[in-house]
Undergrad: 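Mind looking over this structure? Questions follow.
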Amino acid sequence: MPTLAKSLSNTINKKINEIPKSEIRAFSNKISQIPGIIKLTVGEPDLQTPERIKRAAIEDIKSDDSHYAPEAGKKEYLNAVSRYLDDSLGVYYNPDNEICATVGVTAALNVALMSVLNPGDKVIVPTPVWGVYFGIIKMAGGIPVEVETSEDNFILTAKHLKQVMENEGKGAKAIVITDPSNPTGRVYDKEELEQLAKVITDYNLFALSDEIYAELTYNDKKHYSLSQIIPERTLILSGLSKSFAMTGWRIGYIAGPAEIMKTVVKVSSFLITSVTDNVQIAAAKALEDGEQDYEEARVIYEKRLHIIQTGLEKNGFTMATPEGAFYIFAKIPEHFGSDDVAFATDLANKAKVGVVPGSYFGEGGEGYVRLSYASSEEHLRTAVDRITNYVDDVLDKE
């Protein structure tokens with residue numbers, strides 16, 4: 001087994017070494033060792049990729065489609081994304097020069113931020129938020145500015161954004177909005193986005209809109225996008241991982257104005273050359289006639305949401321009403337204190353239910369835990385029963 005030369009040990013990229021690993025993944029892996037645990041930690045759909053999508057990939061492989069794809073993506077996929085965005089948002093993106101295929105939304109975030117940022121540029125990040133954002137921004141040379149939203153029901157208001165831009169966010173280059181939200185499940189309404197768009201325009205910001213959960217909204221809540229209001233400033237980052245249960249396929253896209261997309265395609269080509277052929281063909285098939293797929297998934301998730309939300313509320317947890325994605329961000333009952341890491345660890349060990357500490361999602365997450373309901377009804381009902389027993393045991397001992 002080779003050992004790195006001692007003379008090289010202090011020459012490794014220090015910026016990368018200073019960025020911590022994902023606390024969410026680390027915690028999930030740690031509690032996975034507990035026998036019989038029900039994990040509601042990772043945002044991984046338990047549903048399966050629809051058969052017609054798998055068949056499209058298989059047929060493409062059989063046709064020997066095995067050469068490098070164009071840097072921006074295969075025309076079949078780019079055309080499908082263009083039609084999908086036009087149909088769902090009413091915003092037309094030219095597949096020839098305004099869309100780029102990516103290896104999931106994580107890659108889309110990396111590519112978009114590397115395309116937009118210069119070293120030292122600030123990026124506004126409403127929190128709580130998916131923790132990976134912070135590391136990606138720093139890797140791209142940026143400085144994340146956390147904006148805690150818990151006092152506004154986990155929605156970034158235009159008033160709050162303006163205050164930040166006049167103070168710690170002064171001179172920022174971009175803002176990242178996740179809508180629907182991970183971890184809170186909150187969804188911005190049209191008026192809220194219109195008000196934000198005015199501030200974004202006034203302060204000359206790029207808007208990076210992470211819309212990976214766009215198809216999964218509940219209780220008649222409709223998804224809107226900043227691209228419908230300020231398309232000239234917005235980069236849409238999305239993909240098929242959540243809505244079509246295609247997490248392992250690693251397929252996403254970026255859509256935006258042609259001028260910035262030239263840089264986006266260039267950066268993407270340096271990083272990956274191109275996205276896998278058969279995956280793009282399968283994704284194109286998903287988008288062409290896939291409304292029924294995500295509508296069926298939406299019905300399933302909404303039912304699961306009701307199960308877990310009702311169970312938690314009966315046990316004294318409170319939360320901002322989740323309206324999208326497949327997460328609940330629940331405030332720990334007062335008698336358990338506010339140490340969310342200690343609570344989640346104890347719950348895992350004693351009740352064998354895995355949840356994620358809210359503090360791992362940035363400012364405003366302290367005292368909360370995130371639960372994913374992308375799990376079977378049987379698991380969710382069992383998890384609720386175990387949480388109920390855990391809460392009752394603690395109260396009985398007090």
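In what follows, residues are counted from 1 in the order of the sequence shown. In what follows, every heavy atom counts, from backbone to side chain, and hydrogens, waters and symmetry copies are set aside.
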Undergrad: Is a side-chain donor-acceptor pair under 3.5 Å present for E44 with T247?
TA: yes
Undergrad: Honestly, is K222 close enough over Y224, meaning NZ or CZ under 6.0 Å from the six-membered ring centre and within 45° of the axis?
TA: yes
Undergrad: Is the shortest side-chain heavy-atom distance between Y188 and L156 below 4.5 Å?
TA: yes
Undergrad: I need the minimum non-hydrogen distance between T102 and Y253, along with the two atoms involved.
TA: OG1-N, 3.2 Å
Undergrad: Rounded to the nearest 0.5 Å, what's the gap from CD on Q309 to CZ on R304? Could you check?
TA: 16.0 Å
Undergrad: Strictly distance-based, threshold 3.5 Å: is any side-chain N or O of K122 a donor or acceptor partner for the main-chain N or O of K170?
TA: yes
Undergrad: If you define the side chain from C-beta out and look only at heavy atoms, does anything of I12 sit under 4.5 Å from L4?
TA: yes
Undergrad: Just by distance, no angles: are the side chains of D46 and S375 close enough, under 3.5 Å, to form a donor-acceptor pair?
TA: no
Undergrad: Under 4.5 Å between side-chain heavy atoms, counting indirect links through other Ile/Leu/Val/Met/Phe/Trp/Tyr residues: same cluster for I124 and V116 or not?
TA: no
Undergrad: Where the side chain of E71 meets the backbone of K266, is there a donor-acceptor pair that is under 3.5 Å apart?
TA: no
Undergrad: Under 4.5 Å between side-chain heavy atoms, counting indirect links through other Ile/Leu/Val/Met/Phe/Trp/Tyr residues: same cluster for I332 and V353 or not?
TA: yes
Undergrad: Rounded to the nearest 0.5 Å, how far does CD1 of I281 lie from OG1 of T276?
TA: 12.0 Å
Undergrad: Would a distance-only check, ignoring hydrogens and angles, find a side-chain to backbone donor-acceptor pair under 3.5 Å from E288 to A80?
TA: no
Undergrad: Indicate the atoms forming the closest heavy-atom contact of A69 with V275, along with that distance.
TA: CB-O, 3.8 Å
Undergrad: Salt bridge or not for K74 and D60, using N-O below 4.0 Å?
TA: no
Undergrad: Between N219 (side chain) and K221 (backbone), is there a donor-acceptor pair under 3.5 Å?
TA: no
Undergrad: So, do I143 and I137 sit near enough that their side-chain heavy atoms are less than 4.5 Å apart?
TA: no
Undergrad: Measure across P50 and F244 and return the closest heavy-atom pair with its distance rounded to 0.1 Å.
TA: CD-O, 3.6 Å
Undergrad: Could you give the distance from NE2 (H223) to OH (Y213), rounded to the nearest 0.5 Å?
TA: 13.5 Å
Undergrad: Check the surroundings of atom NZ in K14: do more than 12 heavy atoms from other residues, nucleotides or ligands lie under 6.0 Å from it?
TA: no
Undergrad: Enter the distance from I136:CD1 to T106:OG1 here, rounded to the nearest 0.5 Å.
TA: 5.5 Å
Undergrad: Take atom CD in E291; do more than 12 heavy atoms of anything else shown fall under 6.0 Å from it?
TA: no
Undergrad: Is a side-chain donor-acceptor pair under 3.5 Å present for Y390 with N315?
TA: no
Undergrad: Around R25, counting heavy atoms of other residues, nucleotides and ligands shown, do more than 12 lie under 6.0 Å from its CZ?
TA: no
Undergrad: Taking a hydrophobic cluster as the set of Ile, Leu, Val, Met, Phe, Trp and Tyr residues connected by side-chain heavy atoms closer than 4.5 Å, whether directly or through intermediates, do L226 and V91 fall within one such cluster?
TA: no
Undergrad: If every non-hydrogen atom of S238 is compared with every non-hydrogen atom of E211, which pair is closest and at what distance?
TA: OG-O, 3.1 Å
Undergrad: Applying side chain to side chain contact (heavy atoms under 4.5 Å, CB included) to Y360 and V341, what does each step give before you reach the verdict?
TA: CA-CA 9 Å; Y360 292 171; V341 177; 4.0 Å; yes
Undergrad: Would you say S82's side chain and N94's backbone share a donor-acceptor pair under 3.5 angstrom?
TA: no
Undergrad: Determine, step by step, whether F361 and N182 satisfy the side chain to side chain contact (heavy atoms under 4.5 Å, CB included) criterion, reporting the C-alpha distance in whole Å, the side-chain angles of both residues, the deciding distance to 0.1 Å, and the verdict.
TA: CA-CA 9 Å; F361 297 92; N182 172 13; 4.1 Å; yes
Undergrad: From E151 CD over to T157 OG1, what is the distance, rounded to the nearest 0.5 angstrom?
TA: 10.5 Å
Undergrad: For side chain to side chain contact (heavy atoms under 4.5 Å, CB included), just list the numbers for L371 and L312, CA-CA rounded to whole Å, side-chain angles, deciding distance to a tenth of an Å, and then say yes or no.
TA: CA-CA 10 Å; L371 301 89; L312 290 174; 3.9 Å; yes
Undergrad: Side-chain contact test, heavy atoms from C-beta onward, threshold under 4.5 Å: evaluate it for T184 versus T149 and give yes or no.
TA: no
Undergrad: Taking the six-membered ring for Trp, is the centroid-to-centroid distance between F317 and F336 below 6.0 Å?
TA: no
Undergrad: Indicate the atoms forming the closest heavy-atom contact of A286 with R52, along with that distance.
TA: O-NH2, 3.5 Å
Undergrad: Are L89 and L193 linked, directly or through other ILVMFWY residues, by side chains that come within less than 4.5 angstrom of each other?
TA: no
Undergrad: Can you tell whether the side chains of R298 and E295 come within less than 4.0 Å, N to carboxylate O?
TA: yes
Undergrad: Heavy-atom distance under 4.5 Å between the side chains of Y327 and P180, does that happen here?
TA: no
Undergrad: Test your reading of the model: is there a side-chain donor-acceptor pair from D346 to the backbone of A342, 3.5 Å cut-off?
TA: no
Undergrad: Within a 6.0 Å radius of atom CZ on F270, are there more than 12 heavy atoms belonging to other residues, nucleotides or ligands?
TA: no
Undergrad: Donor-acceptor pair, D340 side chain versus S359 backbone, under 3.5 Å?
TA: yes
Undergrad: If you define the side chain from C-beta out and look only at heavy atoms, does anything of L380 sit under 4.5 Å from Y373?
TA: yes
Undergrad: Is there a donor-acceptor contact under 3.5 Å from the side chain of K242 to the main chain of F326?
TA: no
Undergrad: Scan for salt bridge (charged side-chain N to carboxylate O under 4.0 Å, His left out) pairs involving residues 366-379, sequence neighbours excluded, and state none if there are none.
TA: K303-E377, E377-R381
Undergrad: Indicate yes or no: at least one non-hydrogen side-chain atom of T41 is less than 4.5 angstrom from one of I24.
TA: no
Undergrad: Give a yes-or-no answer on whether the side chains of W130 and T178 include a donor-acceptor pair shorter than 3.5 Å.
TA: no
Undergrad: So does N10 have more than 12 non-hydrogen atoms from other groups sitting under 6.0 Å from CG?
TA: no
Undergrad: Test your reading of the model: is there a side-chain donor-acceptor pair from E323 to the backbone of V187, 3.5 Å cut-off?
TA: yes
Undergrad: For residues A245 and T49, report the shortest heavy-atom separation together with the two atoms involved.
TA: O-OG1, 2.7 Å
Undergrad: Can you tell which of T127, V123, L113, D210 makes a side chain to side chain contact (heavy atoms under 4.5 Å, CB included) with Y133?
TA: D210
Undergrad: Spell out, yes or no, whether I260 and I254 are grouped together once hydrophobic residues are joined by side-chain heavy atoms under 4.5 Å, including indirect joins.
TA: yes
Undergrad: Going through the checks in order, is the side chain to side chain contact (heavy atoms under 4.5 Å, CB included) test met by I53 and L240?
TA: CA-CA 11 Å; I53 299 173; L240 289 81; 6.0 Å; no
Undergrad: Looking at CG of N204 and NZ of K173, how far apart are the two atoms once the value is rounded to the nearest 0.5 Å?
TA: 9.5 Å
Undergrad: Using salt bridge (Lys or Arg N to Asp or Glu O under 4.0 Å) as the criterion, list what pairs up with D202, not counting sequence neighbours.
TA: K198
Undergrad: Assess, by modelled atom type and distance only, whether the side chains of S32 and K39 contain a donor and an acceptor separated by less than 3.5 Å.
TA: yes
Undergrad: Determine whether M139 and M114 make a side-chain contact, defined as any pair of heavy atoms from C-beta on separated by less than 4.5 Å.
TA: no
Undergrad: Which word best sums up how the rings of F329 and Y368 line up, parallel for under 30°, tilted for 30 to 60°, or perpendicular for over 60°?
TA: parallel
Undergrad: Who are the salt bridge (Lys or Arg N to Asp or Glu O under 4.0 Å) partners of K54, not counting sequence neighbours?
TA: E51
Undergrad: I'd like to know if the side chain of K30 and the backbone of T345 have a donor-acceptor N/O pair within less than 3.5 Å.
TA: no
